[in-house]
Each structure stands twice: as structure tokens, then as C-alpha cells.
Amino acid sequence: MCPRRSFVALTDLEQVTPAWLTEVLTSNGTLERGAVVDVEKQGSSTNTAAVARLRLDYSDDAPDDAPRRLFLKLSDRRREVDFYRVIAPAMVRPPVLRCYDAVYSREAARSHLLVEDLAETHLSAEESLPPSTPRYERLIDALAGIHGHWWDHPRLKGDIRELAGNIKQFVIQMVNNSFPAFADFMGDRLSPERRAIYERVLAAWPLPDVGERLASGRGVTITHGDAHPWNFLSPRDPASDSVKIIDWAMWQVGIGTDDLAYMIAMHDFPDYR
């Protein structure tokens with residue numbers, strides 16, 4: 001479980017100090033003795049968040065197994081915090097990162113997430129290249145672990161459904177609003193035939209039977225919502241480590257095969273799909 005240390009979400013990397021890390025790791029039981037005496041921060045940014053890799057140094061009396069590398073994500077999204085505070089703790093050994101702190105501040109509309117950094121033991125997908133078949137199979141196995149646990153789970157009709165909200169409608173609206181600008185940007189590079197396909201799909205999406213299935217809560221599970229290969233960390237040694245799924249900011253109650261279709265449609269030629 002990712003314990004809530006406070007209701008105050010970090011807003012700046014400068015707030016990540018040895019004292020703050022000591023308080024977090026001590027309060028959640030990770031650091032039984034000793035203290036963080038120094039932290040090296042390597043920050044960068046993504047489309048939706050500020051992130052940083054943290055390298056920690058401890059006092060001499062700290063335990064040898066205290067985490068030396070952590071990953072921090074600063075954002076304005078509540079969903080990923082909800083995932084690590086509600087969804088992941090309800091599973092046994094879920095294929096996700098270990099969480100040390102997860103806070104969302106409604107007043108500030110800010111969140112932070114502190115998790116393990118697996119850069120030394122895991123790799124992300126190669127840029128622009130589809131995974132090999134053995135790696136694909138491991139990614140799908142990891143997804144199946146999530147989907148199988150939550151398949152038709154009674155909580156999907158209760159507290160988790162309320163927590164999940166209707167993110168699919170948000171995505172549909174966002175896509176419809178963005179498509180005209182996308183088509184204008186593409187210009188004559190988007191053929192009339194292909195544009196017509198987009199317009200036909202957007203007009204029909206979601207199909208009525210999909211909406212009915214989601215509304216009934218029948219044959220549904222928790223889906224990632226953004227399951228492209230870059231959101232999976234593959235072990236350098238598959239014999240000793242397992243795949244971890246990251247970036248849960250778009251999780252939802254949905255149909256499991258949506259994740260699979262999303263994964264294989266982004267990179268692969270039709271014959272390989």
C-alpha cells in the first residue's frame with residue numbers, strides 16, 4: 001500500500017530535500033533508522049508532468065536495503081494517485097512500481113508520486129520500434145494480471161466505479177475537439193478517403209453495445225487506458241525480474257481488449273497484428 005504521509009502535494013523539485021525524504025521514508029516504515037543526508041536530482045519534463053530521478057545517500061546507521069534510487073513525478077492529475085492508493089494495494093504483487101508516497105491536493109490541483117526507480121534492472125521500449133514477439137508476450141502477460149484480477153469484480157460497481165468516473169467520455173470529447181486542427185495541420189497529406197474514415201469512426205464511437213456493456217458493468221475490468229509499449233518496463237533479466245506497467249494516469253473501468261488493441265495498433269504492420 002502507498003501510505004498517505006500528508007495532504008500537501010509538492011509543486012517544485014526544490015522541495016525534495018534530505019529532510020523531506022527522511023520524513024517520507026520513516027513515516028511509511030521504509031527507513032527504520034538513520035536518515036537521508038544527501039539527494040542528487042536529475043530533472044526533466046514530459047508532456048504532462050515534471051519528473052526527476054533521485055539518488056539518495058544515507059547516514060552510516062541506515063539499513064543497507066534502504067532505497068538508493070527513486071523516481072518523482074509532479075503533475076496536476078489525481079487519477080494516478082488514486083491508482084496507487086486504491087487500486088494497486090487491493091492486488092497481490094501487482095505488476096506496478098512500488099510506491100513510497102502519493103498525494104493529491106484538491107485545493108492546489110497538484111499531485112506528486114514517489115516510486116521506485118528501476119533503471120538499473122529494467123528497460124523501456126526502443127523508440128519507434130515495435131517490441132519483439134517474446135517481449136510482447138511478457139507485456140500482454142502483465143496486462144492480463146491486472147485484467148484478470150479485476151474482471152467483473154464487485155467493487156467495479158461500487159467505490160471504484162465512482163472513483164473512476166467517465167474518463168472515456170472525456171477522451172471522446174477531447175479527440176473530437178482536436179480532430180479539425182489535426183486535419184488542418186495534415187493538409188493534403190491526409191487523403192480525402194482517409195479523412196472520411198476518421199470522420200466515420202468518430203461519428204460512431206463509442207458503439208452502442210460498448211456503452212451498454214460499460215453501463216451494465218458486465219464483462220469489464222480495470223484498463224490502463226494508454227497501454228503503448230513505452231509505458232512498460234521490461235526486465236534486463238526476464239528470468240529474475242518481471243514486467244512493470246507505469247503511467248496510470250488514464251486508468252478506467254473498461255473492456256480489457258481495448259488495452260491490447262491500443263498496444264498492437266500503434267506500431268505494427270497489419271500482417272503482424
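In what follows, every heavy atom counts, from backbone to side chain, and hydrogens, waters and symmetry copies are set aside.
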Close side-chain approach of [X] and [Y], heavy atoms under 4.5 Å:
{"X": "P131", "Y": "L139", "value": "yes"}
{"X": "D247", "Y": "T46", "value": "no"}
{"X": "V16", "Y": "L10", "value": "yes"}
{"X": "P18", "Y": "V39", "value": "yes"}
{"X": "V81", "Y": "V103", "value": "no"}
{"X": "D101", "Y": "L113", "value": "no"}

In L114, T30, L31, the residue satisfying side-chain contact (heavy atoms from CB on, under 4.5 Å) with V24 is L114
Give me the one residue out of T223, I160, D226, I245 that meets side-chain contact (heavy atoms from CB on, under 4.5 Å) with W251.
-> I160
Over 60° means perpendicular and under 30° means parallel, so classify the ring planes of W20 and H112, tilted if in between.
-> perpendicular
Kindly assign one of parallel, tilted or perpendicular to the pair Y272 and Y136, based on the angle between their ring planes and the thresholds 30° and 60°.
->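 Rings of Y272 and Y136: tilted, 30 to 60°.
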Going by an N to O cut-off under 4.0 Å, is there a salt bridge joining [X] and [Y]?
{"X": "E120", "Y": "R69", "answer": "yes"}
{"X": "R68", "Y": "D117", "answer": "no"}
{"X": "R55", "Y": "D57", "answer": "yes"}

Mind checking whether F182 and I172 sit in one hydrophobic cluster, side chains of I, L, V, M, F, W, Y counted as touching below 4.5 Å?
-> yes
Are I222 and I140 connected, step by step, through hydrophobic side chains (Ile, Leu, Val, Met, Phe, Trp, Tyr) whose heavy atoms are closer than 4.5 Å?
->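 As far as the 4.5 Å side-chain criterion goes, I140 and I222 are connected within one cluster.
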Nearest-0.5 Å distance, [atom1] of residue [X] to [atom2] of residue [Y]:
{"X": "I197", "Y": "S191", "atom1": "CD1", "atom2": "OG", "answer": "7.5 Å"}
{"X": "L143", "Y": "R138", "atom1": "CG", "atom2": "CZ", "answer": "14.0 Å"}
{"X": "Y198", "Y": "R194", "atom1": "OH", "atom2": "CZ", "answer": "6.5 Å"}
{"X": "S242", "Y": "H122", "atom1": "OG", "atom2": "NE2", "answer": "5.5 Å"}
{"X": "E116", "Y": "L233", "atom1": "CD", "atom2": "CG", "answer": "9.5 Å"}
{"X": "M263", "Y": "T257", "atom1": "CE", "atom2": "OG1", "answer": "12.5 Å"}

Please step through side chain to side chain contact (heavy atoms under 4.5 Å, CB included) for the pair R200 and R195, ending with a clear verdict.
-> CA-CA 9 Å; R200 189 166 69 251; R195 176 166 183 158; over 6 Å; no
Between H224 and W248, is the ring centre distance below 6.0 Å?
->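 That pair passes the under 6.0 Å test.
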List the steps, then state whether salt bridge (charged side-chain N to carboxylate O under 4.0 Å, His left out) holds for E212 with R218.
-> CA-CA 9 Å; E212 292 171 5; R218 184 187 70 255; over 6 Å; no
Y100 and N28: side chain donor to acceptor below 3.5 Å =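 Y100 vs N28: no donor-acceptor pair found between side chains.
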Hey, are E137 and T133 close enough side-chain-wise for a donor-acceptor pair under 3.5 Å?
-> no
What closest approach, in Å, do S75 and T48 show between heavy atoms, and which atom pair accounts for it?
-> OG-O, 3.4 Å
Check step by step if side chain to side chain contact (heavy atoms under 4.5 Å, CB included) holds for E199 and F179.
-> CA-CA 9 Å; E199 292 172 342; F179 178 71; 3.8 Å; yes
